[in-house]
Engineer: 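Quick one: the structure is below, and I'll ask about it shortly.
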Amino acid sequence: DSLLYTQFCDKCTIICKKWEITNAFPHDKKEFLSDMESIQDLRDRLAHANDYAATRGSARQLCISVRKMDHWMRVLTSVVSTSGHIAPGD
């Protein structure tokens, strides 16, 4: 699947483009984009081995980001399972 070889930000772009042509997303697009920005930030900090949970506040933010990831993974899995796959060429 060609989607597996795309960058995180590209996956978000693809999903956003599909958002307009499918009514399968029961969530707010702004919420999705905001959550993806926070998840991207966490991903970047993890990938570059920064101290992403060095303080109580940053540890709390880490938990919030993980919950957002879990939420969107469930939403997108549900959408894909009910409406087919979301691929760059669709």
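Note that the coordinates shown come from a computational prediction; the quantities given were computed from them, not determined experimentally. Only this structure's heavy atoms are used, side chains among them; waters, hydrogens and symmetry mates stay out.
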Engineer: Has E37 got more than 12 heavy atoms of other residues, nucleotides or ligands less than 6.0 Å from its CD?
Structural biologist: no
Engineer: Taking K30's backbone N and O only, do any of them form a donor-acceptor pair with S34's side chain (distance below 3.5 Å, no angle check)?
Structural biologist: no
Engineer: Less than 4.5 Å apart, side chain to side chain, heavy atoms only: is that true for L42 and K68?
Structural biologist: no
Engineer: Of all residues at least two apart in sequence or in a different chain, which pass the side chain to side chain donor-acceptor pair (under 3.5 Å) check with R67?
Structural biologist: none
Engineer: Would you call D44 and F8 a side-chain contact if the rule is heavy atoms closer than 4.5 Å?
Structural biologist: no
Engineer: Under 4.5 Å between side-chain heavy atoms, hopping through other hydrophobics if needed: is there a path connecting M69 to I64?
Structural biologist: no
Engineer: Taking side chain as C-beta onward, heavy atoms only, is L33 less than 4.5 Å from M36?
Structural biologist: no
Engineer: Applying salt bridge (Lys or Arg N to Asp or Glu O under 4.0 Å), name anything that partners R56, two or more places apart in sequence or on another chain.
Structural biologist: none
Engineer: Considering residues at least two apart in sequence or located in another chain, which fulfil the salt bridge (Lys or Arg N to Asp or Glu O under 4.0 Å) criterion with D41?
Structural biologist: R45
Engineer: Which value, rounded to the nearest 0.5 Å, describes the distance between T55 atom OG1 and L62 atom CG?
Structural biologist: 10.5 Å
Engineer: Say you draw a straight line from CD1 of I39 to CE of M73; how long is it, rounded to the nearest 0.5 Å?
Structural biologist: 9.5 Å
Engineer: Does any part of the side chain of F32, heavy atoms only, come nearer than 4.5 Å to the side chain of H71, both counted from C-beta?
Structural biologist: no
Engineer: How long is the straight-line distance from OG of S65 back to CD of Q61, given to the nearest 0.5 Å?
Structural biologist: 4.5 Å
